[in-house]
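Here is the structure we will look at, set down as structure tokens.
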Protein chains: 2
Amino acid sequence: MGMLPDKAVPDIVIGRLPIYLRALAHLEAEGQRIIASKDLAKRLGMSSAQIRKDLSHFGEFGKQGMGYDVTYLRDQLRTVLNIDRRWDVALVGAGDLGHAIAYYGGFEGRGFHISCVFDNNPQKIGRRLGRFEILDAIELPAKLRELDIRIAIVAVPANAAQAVVDDLVTGGVKAILNYAPITVTVPAGVHVQYIDPVVHLQRMSYYLE
Amino acid sequence: MGMLPDKAVPDIVIGRLPIYLRALAHLEAEGQRIIASKDLAKRLGMSSAQIRKDLSHFGEFGKQGMGYDVTYLRDQLRTVLNIDRRWDVALVGAGDLGHAIAYYGGFEGRGFHISCVFDNNPQKIGRRLGRFEILDAIELPAKLRELDIRIAIVAVPANAAQAVVDDLVTGGVKAILNYAPITVTVPAGVHVQYIDPVVHLQRMSYYLE
DNA sequence: TAGATTGTTAATCGATTAACAATC
DNA sequence: TAGATTGTTAATCGATTAACAATC
């Protein structure tokens, strides 16, 4: 008699966990030891029931009458999100955006570490970008396999993005953060998230007079 | 006897329109004149019914048996999203990220135009960032009113973000794209969208082994 | 016309919330 | 203990989808 698999946690719930985690990190930096779902909800502009429901998918992290221990909940969420470790990340694209990403200090300490940078421009290959030597994008799949990299950031022009993504998939990458303003196609089992500032601006301009 | 207001279009629908618009722009660049909801859906990894339903909130843009005229639908979506015009945008923060944003060529042509840049660092004020002179952030509210700016991009460290947002609100800004990794508080009627790459990475690392 | 695809309805599916027993 | 807040259930709410008449 086989075990039924747990019902998968909805992706929309997973998407909120990093927001909770970020708020908890700030609370801890402020020296707060305990937080009630009601107060966290207020801070995040959502309902306390939603926070409790979301967390209940993963365990019982609070104490009735008290709330949640900030540090404990933070650590639990890190474990749930698989960032109780450090992930090496490949960055593809060494233009202005790639530069900003390579120099961004916010990855360390939140579970990620950029470990290599690629570009296909012969003018850039072999040069330095911060602490990185820019590698030839032609070597992408081989290098990714060699370094066992599962996460990549794409910061290339839209017209190059799908080809880069294909190379990343060939190299074994399973999670892609795509800054190129284009929807890309990937096989099942590969995750893609998009960052396109214009999409966010357009979404807001709808509400402007 | 008063008119009942139209039921507001759900925000989740508004959030998909820029994705449709982006795809339509690419289709047009590829020279495609007509697209069926089925084909657009396939390209975007969603259902054709959802696309048709979303569009039906705003009008009848297609032709039975044919599909949608790419250029016509693109123009209609631009109108719906209020980007059949150009919005001036203020950028706050002239660090690495602000630099990348100021130099990013993707705003023009999609409805937005960065028109001024602010920073609070005396070392930077008065210097140039690309085509901009960096203005003193102390003048934010006054300058925003003077230029009648309604949209701003925040690219400052997390610990400065809430104060900057407060100044933007004072200056009359109604839409804020926040790159600082912190949830900010704004009055009703002011819209905020967040870009935090680490949130996206964490959301994906959940699914990695 | 025959074939294709829209726009829309109604059914299904899933997410959010209110409420409260459990309990710290 | 009394008060507060969790974890969970059931009800509500809202979004997605299947299906098809309308029609190009």
Side-chain angles (χ1 to χ4, degrees), chain A residues 4-20 23-24 27 32-77 80 183 203 206, chain B residues 4-20 23-24 27 32-77 80 183 203 206:
Chain A
L4 288 172
D6 287 354
K7 184 80 170 53
V9 178
D11 184 60
I12 197 165
V13 172
I14 304 305
R16 283 190 293 260
L17 301 184
I19 308 296
Y20 301 156
L24 290 165
L27 285 168
Q32 194 161 334
R33 312 292 274 269
I34 301 284
I35 184 98
S37 61
K38 199 173 98 179
D39 297 322
L40 184 58
K42 188 173 184 194
R43 219 176 146 108
L44 297 177
M46 57 196 308
S47 83
S48 64
Q50 181 161 76
I51 292 177
R52 295 197 303 277
K53 186 110 215 288
D54 285 353
L55 296 178
S56 75
H57 286 99
F58 306 100
E60 306 191 354
F61 303 128
K63 283 205 177 61
Q64 280 99 327
M66 289 283 283
Y68 300 86
D69 183 286
V70 171
T71 304
Y72 177 72
L73 183 55
R74 183 204 61 182
D75 289 343
Q76 292 297 309
L77 286 183
V80 167
T183 303
R203 182 176 186 159
Y206 171 81
Chain B
L4 288 172
D6 288 354
K7 182 82 169 54
V9 178
D11 184 60
I12 198 165
V13 172
I14 304 305
R16 283 190 293 260
L17 300 184
I19 309 297
Y20 302 156
L24 290 165
L27 285 168
Q32 193 162 333
R33 312 290 275 270
I34 301 284
I35 184 98
S37 61
K38 200 174 101 179
D39 297 321
L40 184 58
K42 188 174 184 192
R43 219 176 147 108
L44 296 177
M46 57 196 306
S47 83
S48 63
Q50 181 161 76
I51 292 177
R52 294 197 303 277
K53 185 110 215 288
D54 285 353
L55 297 178
S56 74
H57 286 99
F58 306 99
E60 306 191 355
F61 303 128
K63 282 203 178 60
Q64 281 101 327
M66 290 283 283
Y68 300 85
D69 182 286
V70 170
T71 303
Y72 177 73
L73 183 55
R74 183 205 59 181
D75 289 343
Q76 292 297 309
L77 287 182
V80 166
T183 303
R203 183 176 185 159
Y206 171 81

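Given the structure is predicted, the values throughout are model-derived calculations rather than measurements.
- Put simply, the side chain of A/Phe58 reaches to within 4.5 Å of the side chain of A/Val13, judged on heavy atoms.
- Remark: C1' of C/dT17 and CD1 of A/Ile51 are 13 Å apart, rounded to the nearest angstrom.
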Return the polar atom pairs (N/O with N/O) between nucleotides 4-6 of chain C and the protein under 3.5 Å, or none.
unit_1, atom_1, unit_2, atom_2, d
C/dT5, O4', B/Gly65, N, 2.9
C/dT5, O2, B/Gly65, N, 3.2
C/dT6, OP1, B/Ser37, N, 2.6
C/dT6, OP1, B/Ser37, OG, 3.4
C/dT6, OP2, B/Ser37, OG, 2.6

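- With both pairing distances under 3.5 Å, C/dG3 is matched to D/dC24 as a Watson-Crick or G-U wobble pair.
- Considering all non-hydrogen atoms of both residues, B/Leu24 and B/Val70 come closest at O-CG1, 3.5 Å.
- For B/Arg43, the CZ atom is densely surrounded, since the number of other residues' heavy atoms within 6.0 Å is greater than 12.
- Rounded to whole angstrom, the span from the CG atom of B/Leu55 across to the P atom of C/dT8 amounts to 11 Å.
- One atom, NE2 of A/His57, and another, P of C/dG14, lie 13 Å apart when rounded to the nearest Å.
- Closest non-hydrogen pair, B/Leu55 versus B/Tyr20, comes out as CD2-CD1, 4.3 Å.
- Residue A/Met46 contributes atom CE, which lies 13 Å from atom P of C/dA18 at whole-angstrom precision.
- With distances taken from any side-chain atom of B/Ile12 to the nucleotides D/dT9, D/dA15, C/dA15, the minimum falls on D/dA15.
- Of all the heavy atoms in A/Pro10 and A/His57, the pair that sits closest is CD-NE2, 4.1 Å.
- Between the NZ atom of B/Lys53 and the C1' atom of C/dG7 there is a distance of 10 Å, rounded to whole Å.
- Scanning both residues, B/Asp54 and B/Arg16, for their nearest heavy atoms gives OD2-NE, 2.7 Å.
- Residue A/Ser47 places at least one side-chain N or O closer than 4.0 Å to OP1 or OP2 of C/dT17.
- The side chain of B/Arg16 contributes no N or O atom lying less than 4.0 Å from OP1 or OP2 of D/dA15.
- With both pairing distances under 3.5 Å, C/dG14 is matched to D/dC13 as a Watson-Crick or G-U wobble pair.
- At whole-Å resolution of the value, CG in B/Asp54 and P in C/dT8 are 13 Å apart.
- Looking at A/Lys63 and A/Asp69, no side-chain N of the basic residue comes within less than 4.0 Å of a carboxylate O on the acidic one, giving no salt bridge.
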